[in-house]
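The structure under discussion appears below in the form of structure tokens.
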Amino acid sequence: MSALPFSQKKFPLYLAPMAGVTDKSFRQICKDFGADVLVTEFVSAEGVFRRNQRTREYLNFEERERPIGVQLFGADPEHMAEAARHVVDWVAPDFIDLNFGCPVNKVVAKNGGSALLKDCPTLVRVAESVVGAVAPVPVTAKIRIGWDADLINAPSVAKILENCGIAVLAVHGRTRAQGYSGEADWRVIGEVAQSVALPVIGNGDLFSAEDVARRRAETKISGAMIGRAAMSAPWIFREIKHYLLSGEPLPPPSLSERWTVILNQCRAQVEDWGVEEPAMRSLRARLMAYSKKLPEAKAVRDKFQHVSTIAEVEEIACQHIVQCESSASHRMFLVAI
């Protein structure tokens with residue numbers, strides 16, 4: 001078991017756990033681009049507790065992904081503790097992460113995720129039960145700044161979790177009511193970072209290296225967690241590290257490099273699934289996200305909606321690169337004359 005992730009880096013960059021996104025193939029791409037700490041897609045503690053096979057598959061990772069945590073959600077302290085023990089026995093993650101921030105209705109309806117921000121007694125029982133169950137394996141947590149505009153309680157929740165033995169706290173700068181709309185409130189994240197001694201990882205609206213540098217300077221965060229920005233540009237981790245080290249922006253990857261990333265994920269997904277068509281169908285939404293960073297994005301996105309083989313993606317890539325290079329050459333010719 002490796003040391004706590006934050007102790008290995010002065011300012012670690014985390015890949016945020018995202019359902020349907022941060023599977024093994026995508027995590028490894030982000031790792032290759034410099035993500036320091038990975039977290040699995042969130043996993044139902046009840047599914048683990050009941051030995052659900054599909055839930056078990058979400059836990060798979062490779063050694064090169066370390067340090068990696070398994071994120072659990074649930075509201076039953078005993079089941080959460082037992083599920084955490086099972087996870088440690090099965091896959092030996094570097095840490096267990098508790099999801100106290102998910103805003104999705106089906107999770108909140110079962111008093112899970114961000115619902116526990118307005119049920120602190122249950123939050124305490126869950127946190128203490130899991131910490132006690134898996135010690136000495138570290139337990140981290142992710143929260144939002146509050147339930148809604150009338151209940152922004154992240155600083156007090158952070159103190160509660162610190163007293164429960166939580167080792168690292170990630171804070172997303174929106175309330176549960178906001179979902180992913182509006183702006184992340186970094187003022188509250190800063191208050192959280194000042195209110196506790198444990199490392200606080202900031203999350204929300206970090207779409208560039210400059211964003212991360214600014215928020216690091218404005219607050220006392222110990223690291224940054226990148227979510228949606230990584231979906232369309234996993235190389236953002238490399239860009240952030242370069243900027244924090246040099247103060248200079250790193251040029252974006254070439255069009256060919258970006259297509260290499262896309263194709264590598266397709267190939268890894270198919271290899272992992274063992275069957276091409278279902279694997280590729282599962283990637284359509286992911287490919288749509290990648291298209292946001294491509295020229296002629298709408299045309300590429302329209303094609304991505306129907307792909308079912310790697311060969312089809314390869315053909316789209318070839319056509320797109322040729323088209324863009326031809327267009328660029330034409331523009332250079334017009335400038336020259």
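Any value given below was found using the heavy atoms of this structure, including those in side chains, with hydrogens, waters and symmetry copies removed.
By the 6.0 Å and 45° rule, Arg144 stacks over the aromatic ring of Tyr180. Under the 6.0 Å distance and 45° angle rule, Arg258 does not count as a cation-pi partner of Tyr290.
Side-chain N or O atoms of Asp148 include one that pairs as donor or acceptor with a backbone N or O of Leu151 at under 3.5 Å. Using a distance-only test at 3.5 Å, with no hydrogens or angles considered, a donor-acceptor pair links the side chain of Asn203 to the main chain of Met225. The main-chain N or O of Pro253 is never found under 3.5 Å from a side-chain atom of Glu257 such that the two would form a donor-acceptor pair. Looking at Arg215, its side chain never comes within 3.5 Å of a backbone N or O of Leu206 through a donor-acceptor pair. Listed for the Ser291 side chain is no donor-acceptor partner under 3.5 Å among the backbone atoms of Val300. Between the Glu128 side chain and the Cys164 main chain, no donor and acceptor come within less than 3.5 Å of each other. In terms of modelled atom types and a separation under 3.5 Å, the side chain of His320 and the main chain of Glu296 share no donor-acceptor contact. A donor-acceptor pair under 3.5 Å is absent between the side-chain atoms of Arg301 and the main chain of Lys292, judged by distance alone. Between the side chain of Gln178 and the backbone N or O of Thr175 there is at least one donor-acceptor pair closer than 3.5 Å.
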Does the side chain to side chain contact (heavy atoms under 4.5 Å, CB included) test come out yes or no for Glu78 and Ser129, once each step is laid out?
CA-CA 7 Å; Glu78 292 183 3; Ser129 295; over 6 Å; no

Set out, in order, the CA-CA distance, both residues' side-chain angles and the distance that settles side chain to side chain contact (heavy atoms under 4.5 Å, CB included) for Leu287 and Val307, then state yes or no.
CA-CA 10 Å; Leu287 294 174; Val307 297; 3.7 Å; yes

Could you go through the side chain to side chain contact (heavy atoms under 4.5 Å, CB included) check for Leu169 and Leu161 one step at a time?
CA-CA 8 Å; Leu169 182 66; Leu161 292 173; 3.8 Å; yes

Could you go through the side chain to side chain contact (heavy atoms under 4.5 Å, CB included) check for Val171 and Ile145 one step at a time?
CA-CA 7 Å; Val171 184; Ile145 59 172; 4.0 Å; yes

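Looking at every heavy atom in both residues, Pro295 comes nearest to Leu255 through CD-CD1, 3.9 Å. Pairing each heavy atom of Trp147 with each of Leu117, the nearest pair is N-CD1, 4.4 Å. Heavy atoms only, all atoms of each residue included: Ala230 and Ile236 are closest at CA-CG2, 4.3 Å. Of all the heavy atoms in Asp94 and Pro138, the pair that sits closest is O-CD, 3.4 Å. Annotation for Val130 and Ala81: closest pair CG2-N, 4.0 Å, computed over non-hydrogen atoms.
The line from CG of Asp97 to OH of Tyr14 is 8.5 Å long, rounded to the nearest 0.5 Å. Atom CD of Gln28 is separated from atom CZ of Phe33 by 13.5 Å, given to the nearest 0.5 angstrom. Rounding to the nearest 0.5 Å gives a distance of 9.0 Å between OG of Ser208 and CD of Glu239. Atoms NE2 and CD, on His306 and Glu312 in that order, are 10.5 Å from each other to the nearest 0.5 Å. Summarising the geometry, atom CD1 belonging to Ile143 is positioned 9.5 Å from atom CZ belonging to Phe100; distances are rounded to the nearest 0.5 Å. Taking CZ from Arg286 and OG from Ser25, the interatomic distance works out to 8.0 Å, rounded to the nearest 0.5 Å.
Looking at Lys241 and Asp36, a side-chain N of the basic residue comes within less than 4.0 Å of a carboxylate O on the acidic one, giving a salt bridge. Checked for salt-bridge contact, Arg66 and Glu63 meet the test: a charged N lies under 4.0 Å from a carboxylate O. Taking 4.0 Å as the cut-off between side-chain N and carboxylate O, Arg64 and Asp32 count as a salt-bridged pair. Salt bridge annotation for Asp23-Arg27: absent, with no cationic side-chain nitrogen under 4.0 angstrom from a carboxylate oxygen. Using a 4.0 Å cut-off between charged side-chain N and carboxylate O, Glu82 and Arg85 make a salt bridge.
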Solution key, residues 186-200 side-chain donor-acceptor pairs under 3.5 Å, sequence neighbours excluded:
{"residue": "Trp186", "atom": "NE1", "partner": "Gly204", "partner atom": "O", "Å": "2.9"}
{"residue": "Arg187", "atom": "NH1", "partner": "Glu191", "partner atom": "OE2", "Å": "2.7"}
{"residue": "Ser195", "atom": "OG", "partner": "Glu191", "partner atom": "O", "Å": "3.4"}
{"residue": "Ser195", "atom": "OG", "partner": "Val192", "partner atom": "O", "Å": "2.9"}

Counting only pairs under 3.5 Å, give me each side-chain donor-acceptor contact of residues 271-278, with atom names and distances, residues two or more places apart or in other chains.
{"residue": "Asp272", "atom": "OD1", "partner": "Lys24", "partner atom": "NZ", "Å": "3.2"}
{"residue": "Glu276", "atom": "OE2", "partner": "Ile310", "partner atom": "N", "Å": "2.9"}
{"residue": "Glu277", "atom": "OE2", "partner": "Arg281", "partner atom": "NH1", "Å": "3.1"}

